[in-house]
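First up is the structure itself, then whatever we jot down about it.
In this chain, numbering begins with 1 at the start of the sequence shown. Counting convention: from 1, in listed order, for ligands and their atoms alike.
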Amino acid sequence: MPQVSIVVPCFNENEVIDAFHAAVVASLEPTGRSFEICYINDGSSDGTGLRLRRLATADSRVRYTSFSRNFGKESAMLAGLRMSRGEAVVLMDADLQHPPELVPRMLELHENGYDQVVAQRDRSGETPARKAFSRAYYRLVRRFMEVEVADGAGDFRLLSRRAVSAVLSLPETNRFSKGLFSWIGFEAVSFTYTNVQRAAGQSKWGGRRLLNYGIDGLLSFNSRPLRMAIHTGLWLFLAAVGYALWIIASVVLHGVDTPGYATLITVIVGLSGLQLVTLGVVGEYVGRIYHESKRRPHYVVSETNESHQVPALSRPLEVVGQAPSKS
Ligand code: UDP
Ligand code: MG
């Protein structure tokens with residue numbers, strides 16, 4: 001059993017994967033610990049799969065799993081955690097945005113008794129728009145979520161074996177790792193490093209994908225949006241009762257007058273909007289229940305380094321083929 005497992009989700013990382021591998025090996029070898037590198041090919045359509053196959057043949061510490069299509073980074077990380085065998089598991093991106101030279105430091109902190117070591121990036125080098133958006137998002141998340149999620153604390157972290165077991169014991173289909181890591185607890189320590197730009201290739205997180213990821217994060221960890229809908233409804237109901245009382249009082253005091261048509265329309269449109277939003281929130285949760293209840297696997301594996309050893313497989317097949325001729 002290796003002491004350290006590095007888990008790397010890769011989606012179309014053809015251009016950087018070799019450089020990444022060399023950098024990780026270079027920073028881990030001097031530590032004198034035994035290690036394995038678990039690559040998960042998340043349905044890449046460039047040559048990533050081929051490169052992983054080559055790496056695995058050249059280096060026995062490389063293990064990989066290929067998905068049958070793109071299942072997303074969360075699924076890839078889950079597959080990687082399941083694959084890993086080390087006492088300490090480090091999750092890293094393949095694009096060298098998570099500097100491999102920090103791993104020895106993380107291992108040291110782990111040996112000082114921490115179950116989670118989080119490398120937290122600052123936001124240098126990002127566009128002001130994205131910076132502002134992220135900051136606003138984390139402020140929102142902190143208000144709404146029952147778990148603590150820090151800005152810049154991404155998926156670059158070390159987990160001890162028991163922390164990994166805890167994460168793997170959570171059965172949900174809709175996985176939001178940042179929340180899960182925080183949910184499991186254990187003693188965690190974090191340090192900050194300067195943000196690095198990706199070495200080559202392109203980011204897979206456009207604005208829309210990021211927004212959906214954000215919504216997932218908010219909804220998968222609490223039912224506060226539902227609570228908010230109830231509160232809004234209650235206040236509106238109270239306001240309506242108050243308004244009705246006021247109308248009755250004014251009729252009693254001043255006699256009947258013809259009330260405005262504009263106010264009526266405003267109230268109807270406003271309320272229908274609110275109802276639609278509330279329904280949407282409820283629908284989102286129902287959708288989640290539906291998803292969870294299907295209990296589908298998180299991913300489908302098409303190939304691993306253990307399954308791909310064609311020469312080893314062909315021999316038993318020959319034996320089977322020869323058997324009838326002998327008898
Ligand atoms: N990734 C993945 N599946 C996906 C999208 C991304 O496995 O569907 C991997 C990707 O290969 C990289 C990591 O997740 O190793 C982070 O992706 P990226 O660098 O595109 O995100 P960013 O750093 O821009 O947030
Ligand atoms: Mg990146």
Residues in side chain to side chain contact (heavy atoms under 4.5 Å, CB included) contact with Ser60, at least two apart in sequence or another chain: none
Test item: Thr304 side-chain N/O and Glu306 main-chain N/O as donor-acceptor pair under 3.5 Å: yes
For Asp42, atoms of ligand 1 separated by under 4.0 Å from a heavy atom: 2 (C), 3 (N), 4 (C), 7 (O), 8 (O)
Could you tell me whether Arg69 sits above the aromatic face of Phe71, with NZ or CZ closer than 6.0 angstrom to the six-membered ring centre and within 45 degrees of the axis? yes
Note: ligand 1 atoms sitting under 4.0 Å from heavy atoms of Cys10 are 7 (O), 11 (O)
For residues Leu55 and Leu50: do they belong to one hydrophobic cluster (side chain heavy atoms under 4.5 Å, members Ile, Leu, Val, Met, Phe, Trp, Tyr)? no
Angle, OD2 of Asp95 through the Mg ion (ligand 2) to OE1 of Gln97 - 10° precision: 100°
Is the closest N or O pair between Ala76 and ligand 1 shorter than 3.5 Å? no
Which of the ligand 1 atoms, numbered from 1, are nearer than 4.0 Å to a heavy atom of Glu13: 10 (C), 11 (O), 12 (C), 15 (O)
Pair Asp18 + Arg51, salt bridge at N-O below 4.0 Å: yes
What atoms of ligand 1 come closer than 4.0 angstrom to any heavy atom of Asn70? 3 (N), 4 (C), 8 (O)
Please could you name the atoms of ligand 1 that Ala94 approaches to less than 4.0 Å, counting only its heavy atoms? 15 (O)
Do you see an N/O/S atom of Asp93, backbone or side chain, under 2.8 Å from the Mg ion (ligand 2)? no
Counting only heavy atoms from other residues, nucleotides and ligands, does the tally under 6.0 Å from CZ of Phe191 exceed 12? yes
